[in-house]
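Report on one structure; see the data block that follows.
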Amino acid sequence: MTVRTRFAPSPTGYMHIGGMRTALFNWLFARHNGGKFILRIDDTDQQRNLDAALGPILDAFRWLGLDWDEGPEVGGDHGPYFQSQRGEFYKRAVTQLLESGAAYQDFETPDEIKVQREAAQAEKRTYLSSRVSLQLSPAERANKAAAGDAHVIRLLVDRQRKVSVEDHVRGHVEWDCGLMADPVICRSDGSPLYNFATVVDDIALQISHVIRAEEHLTNTAVQLLIYDALGAKTPEFAHIPFVAAPGTTKKLSKREIGKYRNNPQFKKLFDIADQILPAIGQSVSDAMNPVMVSFYEEVGFLPEAVLNALSRLGWSYDDKTENMPLDFVVQNFSLERVVKGPAGLDCDKLLAYQEHWMGQLPLEQKVEQCLPYLVKAKRISEPVDAAARAFVARLVTALGERLKLFGDIVQYSEYFVADDILEYDEKAFDKRLTQDPAACGLLRGFRDRLAGAEPFDAATLESLLNAYVTERGVGLGAVIHALRVAVTGKAAGPGMFDCLALVGRERCVSRIDRALQRVN
RNA sequence: GGCCCCAUCGUCUAGCCCGGUCCAGGACAUUGGAUUUUCAGUCCAAGAACAGGGGUUCAAAUCCCCUUGGGGUCACCA
């Protein structure tokens with residue numbers, strides 16, 4: 001049997017990180033088994049602007065490198081891949097169900113149903129469909145329908161039976177149909193409901209394994225009944241746990257984004273974004289936040305890191321392997337090793353994966369991916385010339401492991417701005433310069449040596465400063481902090497001599513002068 | 001409320017199906033120490049969990065039952 005899995009997003013204008021994990025597991029399962037991964041767009045309600053709503057979703061797949069064998073843009077033998085274009089399939093299926101007696105026209109009004117539901121609730125009794133429309137004779141039904149009486153189509157549930165599924169992660173799950181209301185499969189306007197359309201499509205697309213989030217587990221009962229009524233073979237099911245908000249067991253939701261800011265485990269991600277996004281003309285908002293996949297791309301995560309984190313959310317290879325490239329996960333993925341409990345998005349772990357994969361990346365690629373950030377932050381101008389690129393390469397090298405996200409590069413403005421607008425960390429300036437006259441004196445003396453340093457590289461500068469402090473009978477610590485604050489404005493950063501070499505002779509001297517003047 | 005699902009360190013998880021090798025392993029995070037001109041890193045170390053209660057058994061994180069807690073779902077949404 002050919003494995004065929006699918007992911008069926010509705011075009012919402014963004015890709016949810018939890019949905020991405022579900023998509024990833026579908027993709028992994030298909031690839032592991034040499035099967036097909038299909039993208040189907042559940043746009044049942046007429047979408048106003050489909051392209052705008054679908055674009056970000058496809059972009060997320062492309063960014064992570066998850067390809068689809070059938071679906072939008074690539075087509076396939078089982079199309080169309082948009083539910084809005086599959087009306088004929090649903091119509092045909094409804095007719096079949098009506099003719100076989102597996103479904104019926106229900107002329108009761110929504111209000112009548114509501115009253116019945118409330119009555120059942122008040123009596124603490126399970127609500128069941130009244131099925132009064134079933135009392136009508138075929139002729140009466142036809143007349144009513146012909147007269148235009150509004151009606152929905154309901155599946156006629158066999159109350160004597162039970163339905164069950166052997167779920168690949170939950171095991172045996174069973175429901176008593178005697179407790180089930182007859183589900184509506186078509187609205188009064190004739191359009192199909194989700195549970196029905198999904199089954200019709202999954203049959204037509206020959207989906208072999210339905211891998212979806214746990215929230216759909218309850219839907220499975222109804223869907224199983226529909227497969228049966230349609231005379232179709234049921235696919236295999238796997239209900240994976242949903243991705244929860246960090247540190248919770250509640251489903252991660254875009255609606256709660258305001259609350260997440262106060263979530264201690266989510267905080268790191270928000271803080272990172274606050275430091276990076278404003279510099280490139282963005283900010284954390286309803287349109288750009290950690291619930292969305294594009295957020296991670298925007299602040300400069302590596303696809304490898306996000307993929308690694310998502311893979312490990314609810315799945316593990318063994319008791320110690322953490323860093324895994326995608327092809328390794330493909331080779332070893334199995335539904336049997338998916339956990340049952342909901343998994344909170346682990347921000348710290350995500351950052352740790354990012355550090356790992358960033359560490360694997362060659363310098364050239366780091367530079368390549370940092371450049372767009374510097375351009376957007378107006379630190380360098382476009383087109384980027386060879387000199388700028390070479391300078392950024394030196395900076396990235398000096399930064400080393402301090403550069404965790406590509407977006408981090410925008411925080412090192414001191415290597416790009418003019419000397420007279422260099423900003424100081426005031427606390428550091430006060431402590432290292434204003435409150436330390438001795439350091440200022442040493443700095444003044446070293447300034448002249450710097451002016452004559454040749455060549456102006458890290459090694460030369462290091463021996464120069466060492467010779468200077470030895471001469472003065474002090475330790476490095478007596479002047480180096482003041483030097484750093486004067487030249488970079490900051491209390492911390494890459495190695496002191498790398499900083500000096502990066503800033504260059506002219507600017508170093510000019511900045512020291514400015515700082516010394518500022519003290520007085 | 002009905003139905004369904006879930007429950008191991010702060011977090012992600014291993015172990016559970018096939019009881020003993022688990023006074024529960026790893027990673028991340030945290031704390032302490034070492035290294036370094038700062039920060040980051042690196043190295044070393046430490047603390048940190050089987051939700052509770054009953055069984056079954058020579059033996060239970062592992063099997064059974066109950067309780068508690070958490071979550072999902074109950075639409076002419078997807």
Side-chain angles (χ1 to χ4, degrees), chain A residues 8-10 12 42-45 83 106 109-110 113-114 117 120-121 124-127 150-154 167 169-171 173-176 179-181 183-195 197-198 213-222 239 241-242 244 246-251 264-265 268 309 312-323 336-337 339-353 355 359 399-404 408 428 432 462 465-466 469 475-481 483-485 488 490-497 499:
Chain A
S10 42
T12 51
D42 282 10
D43 58 342
T44 52
D45 32 51
Q83 284 195 329
D106 181 10
T109 65
I113 302 285
K114 196 178 165 204
R117 271 218 154 81
Q121 176 115 41
K124 292 186 195 279
R125 147 173 78 71
T126 307
Y127 165 78
H151 63 277
V152 296
I153 311 291
R154 286 184 190 275
D167 190 278
V169 348
R170 309 280 141 188
V173 184
E174 191 173 83
W175 296 269
D176 182 354
L179 268 22
M180 225 179 265
V184 175
I185 56 175
C186 279
R187 298 186 182 87
S188 49
D189 68 359
S191 62
L193 261 77
Y194 169 76
N195 270 333
T198 293
E214 183 193 348
E215 50 196 300
H216 287 284
L217 184 57
T218 312
N219 284 332
T220 308
V222 172
H239 287 90
F242 51 77
T248 74
T249 48
K250 281 194 183 144
K251 200 166 87 177
Q265 303 198 43
K268 247 180 218 175
R312 280 287 287 107
L313 215 56
W315 178 85
S316 64
Y317 170 65
D318 61 9
D319 61 342
K320 40 182 67 90
T321 311
E322 295 288 345
N323 298 124
E336 281 60 48
R337 290 195 65 83
V339 301
K340 295 178 166 73
L345 179 67
D346 193 334
C347 303
D348 283 322
K349 218 65 184 280
L350 171 61
L351 255 2
Y353 290 126
E355 287 173 38
L399 251 20
E401 311 220 27
R402 274 163 278 249
L403 191 75
K404 301 186 195 310
D408 285 338
R432 300 302 187 186
E462 178 162 13
L465 184 64
N466 275 122
V469 294
L476 260 185
V479 66
I480 203 158
H481 302 290
L483 179 59
R484 178 183 291 281
V485 175
T488 69
K490 293 180 178 171
M496 183 72 262
F497 307 104
C499 290

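Each chain gets a letter, A, B and so on, in the order its sequence line appears, and its residues count up from 1. This structure is a prediction, so every number in the text was calculated from the model and none was measured.
- Ranked by how close their nearest RNA chain B nucleotide is to the 5' end, A/Gly477 and A/Val169 are led by A/Val169.
- Taking the P atom of each, B/U8 and B/U13 are spaced 10 Å apart, rounded to whole Å.
- Under the Watson-Crick and G-U wobble criteria, each requiring two contacts below 3.5 Å, nucleotide B/A48 is left unpaired.
- Looking at A/Asp43, its side chain does come within 3.5 Å of a backbone N or O of A/Gln83 through a donor-acceptor pair.
- Residues meeting the side chain to side chain donor-acceptor pair (under 3.5 Å) test with A/Thr488, sequence neighbours left out: none.
- Contacts of A/Gln121 with the nucleic acid, taken as non-hydrogen atoms under 4.0 Å apart, are absent.
- Here A/Gly400 lies out of heavy-atom contact (under 4.0 Å) with every strand.
- Between B/C76 and A/Ser188, no contact under 4.0 Å exists linking OP1 or OP2 to a side-chain N or O.
- The minimum heavy-atom distance linking A/Leu313 with A/Asp346 is given by the pair CD1-N, 4.2 Å.
- B/U57 is unpaired under the criterion used here, namely a Watson-Crick or G-U wobble arrangement in which both key atom distances are under 3.5 Å.
- Take A/Arg337 and apply the side chain to side chain donor-acceptor pair (under 3.5 Å) test, not counting sequence neighbours, and it matches A/Ser316.
- Not a single donor-acceptor pair under 3.5 Å links the side chain of A/Thr198 to the backbone N or O of A/Asn195.
- Atom CZ of A/Arg170 and atom P of B/C4 are 14 Å apart (whole Å).
- Between the CD atom of A/Glu336 and the C1' atom of B/A14 there is a distance of 17 Å, given to the nearest Å.
- Residue A/Arg187 has a polar side-chain atom (N or O) positioned under 4.0 Å from OP1 or OP2 of B/A78.
- Nucleic acid contact class of A/Pro241 (heavy atoms, under 4.0 Å, all strands): none.
- Taking CG of A/Asp106 as the start and CZ of A/Arg154 as the end, the distance is 4.5 Å to the nearest 0.5 Å.
- In this structure, A/Tyr127 has no ring-ring contact (aromatic ring centres under 6.0 Å, His included) partners at least two apart in sequence or on a different chain.
- Side-chain nitrogen and oxygen atoms of A/Arg117 include none within less than 4.0 Å of the OP1 or OP2 phosphate oxygen of B/C74.
- When the salt bridge (charged side-chain N to carboxylate O under 4.0 Å, His left out) test is applied to A/Arg484, no partner is found at least two apart in sequence or on another chain.
- Atom NZ of A/Lys340 is separated from atom P of B/U62 by 14 Å (rounded to the nearest Å).
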Please tabulate, one pair per line, each protein N/O and nucleotide N/O from nucleotides 32-34 of chain B that are separated by under 3.5 Å, including the distance.
none

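- Every salt bridge (charged side-chain N to carboxylate O under 4.0 Å, His left out) that A/Arg312 has, sequence neighbours left out, goes to A/Glu322.
- Taking the side chain of A/Arg402 as heavy atoms from C-beta on, and the options B/C76, B/C39, B/U37, the nearest nucleotide is B/C39.
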Each nucleotide N or O in nucleotides 69-72 of chain B that has a protein N or O under 3.5 Å away: list the pair and distance.
from: B/G70; atom 1: O2'; to: A/Thr249; atom 2: OG1; distance (Å): 2.4
from: B/G71; atom 1: OP1; to: A/Lys250; atom 2: NZ; distance (Å): 3.2

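- Of the candidates B/U38, B/U11, B/G2, the closest approach to any side-chain atom of A/Gln265 belongs to B/U11.
- Separating the C1' atom of B/C63 from that of B/A27 is a span of 30 Å, rounded to the nearest Å.
- Residues satisfying the ring-ring contact (aromatic ring centres under 6.0 Å, His included) criterion with A/His216, sequence neighbours excluded, are A/Tyr194.
- The partner of B/C23, taking Watson-Crick or G-U wobble pairs whose two distances both stay under 3.5 Å, does not exist in any strand shown.
- Atom P of B/A7 sits at a distance of 14 Å from the matching atom of B/C17, rounded to the whole Å.
- With B/A14, B/U38, B/C39 as the candidates, the nucleotide lying closest to the side chain of A/Arg484 is B/U38.
- Separating the NE2 atom of A/His239 from the P atom of B/C5 is a distance of 12 Å, rounded to the nearest angstrom.
- Rounded to a whole angstrom, the distance from the P atom of B/C65 to that of B/C44 is 46 Å.
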Whether each nucleotide of nucleotides 16-30 of chain B has a protein heavy atom under 4.0 Å at its base (B), only at its sugar-phosphate (S) or at neither (-) is summarised, 5' to 3', as ---------BBBSS-
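- Contact annotation for A/Val184: backbone-only contact, meaning every heavy-atom pair under 4.0 Å involves sugar-phosphate atoms and none involves a base.
- Rounded to the nearest Å, the gap between the P atom of B/A51 and that of B/A45 is 29 Å.
- Comparing the same atom, P, in B/G19 and in B/A59 gives a spacing of 15 Å after rounding to whole Å.
- With sequence neighbours excluded, the residues forming a salt bridge (charged side-chain N to carboxylate O under 4.0 Å, His left out) with A/Asp348 are A/Lys268, listed by chain and number.
- Backbone-only engagement by A/Leu313 is indicated by non-hydrogen atom pairs under 4.0 Å involving sugar-phosphate atoms exclusively.
- Each of A/Trp175 and A/Val339 has a nearest nucleotide on RNA chain B; the 5'-most of these lies closest to A/Trp175.
- Residues satisfying the salt bridge (charged side-chain N to carboxylate O under 4.0 Å, His left out) test with A/Glu401, not counting sequence neighbours, are none.
- Spacing between atom CG of A/Leu399 and atom C1' of B/A40 amounts to 9 Å, rounded to whole angstrom units.
- Nearest heavy-atom pair across A/Gln265 and A/Pro246 is CB-CB, 3.7 Å.
- B/C76 atom P lies 13 Å from atom CG of A/Asp189, rounded to whole Å.
- A gap of 48 Å separates the P atoms of B/G20 and B/C39, to the nearest Å.
- Looking at heavy-atom distances under 4.0 Å, A/Arg432 makes no contact with the nucleic acid at all.
- Base pairing annotation: B/A7 forms a Watson-Crick or G-U wobble pair with B/U68, both donor-acceptor distances under 3.5 Å.
- Across all strands shown, the partner of B/C74 is B/G1, judged by Watson-Crick or G-U wobble contacts whose two distances both fall under 3.5 Å.
- One distance of note links OG of A/Ser191 with CD1 of A/Ile185; it measures 11.5 Å at 0.5 Å rounding.
- Taking atom CG of residue A/Asn195 and atom C1' of nucleotide B/A78, one finds them 9 Å apart after rounding to whole Å.
- As the counterpart of B/A34, B/U42 is assigned, both hydrogen-bonding distances of the Watson-Crick or G-U wobble pattern falling under 3.5 Å.
- Between the CG atom of A/Asn219 and the P atom of B/C4 there is a distance of 15 Å, given to the nearest Å.
- A distance of about 15 Å separates the C1' atoms of B/C6 and B/C50, rounded to the whole Å.
- Listed candidates were B/G41, B/A75, B/C12. Nearest to the side chain of A/Glu401 is B/G41.
- Contacts of A/Glu214 classified as side chain to side chain donor-acceptor pair (under 3.5 Å), with partners at least two apart in sequence or in another chain: none.
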